[in-house]
Amino acid sequence: MRKTQRFPFRKIFPLTLPSSLTRPRPFKAYSFVPFSPLAMLDPTILTIGGIVLGIAIIERILERWGVIDLVDQFAKVMRFILPVTFYSALIYFFATFMF
């Protein structure tokens, strides 16, 4: 039969730390998160931009074809949609990529 040898816990892990252990001095660390223009390649931002750009191109094509009444209707709608879309996309961008 083998005899097991016991080691007391306090002998293996002493409660007092050796005096040669030096603690690092605290220092202030600052964080900087750079703004990346590649974040604008988000599918939502690209979809909104594509829709607005598509409407603007359709408006130019209709103007060349001479359908002025329809172009005026597009202009009235775009006068409202463009600022709302721009600010909505800006808020979405800052809400999803900055926080």
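Heavy atoms only: backbone and side chains are in, while hydrogens, waters and symmetry mates are out. Only a predicted model underlies this, so the values are computations on that prediction, with no experimental measurement involved.
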Asks: If you group Ile, Leu, Val, Met, Phe, Trp and Tyr by side-chain heavy-atom gaps below 4.5 Å, do Leu46 and Ile55 land in one group?
Replies: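 The answer is no; the residues belong to distinct hydrophobic clusters.
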Asks: Using distance only, find each side-chain donor-acceptor pair of residues 64-90 under 3.5 Å and give its atom names and separation, not counting sequence neighbours.
Replies:
unit_1: Thr85; atom_1: OG1; unit_2: Ile81; atom_2: O; d: 2.7
unit_1: Ser88; atom_1: OG; unit_2: Val84; atom_2: O; d: 2.7

Asks: Hydrophobic clustering (ILVMFWY, side-chain heavy atoms < 4.5 Å, transitive) - are Val52 and Ile58 grouped together?
Replies: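 They do share one cluster, since a chain of ILVMFWY contacts under 4.5 Å joins Ile58 to Val52.
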Asks: Measure the spacing between OH of Tyr92 and CD1 of Ile48 and express it to the nearest 0.5 Å.
Replies: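 Going from the OH atom of Tyr92 to the CD1 atom of Ile48 covers 8.0 Å.
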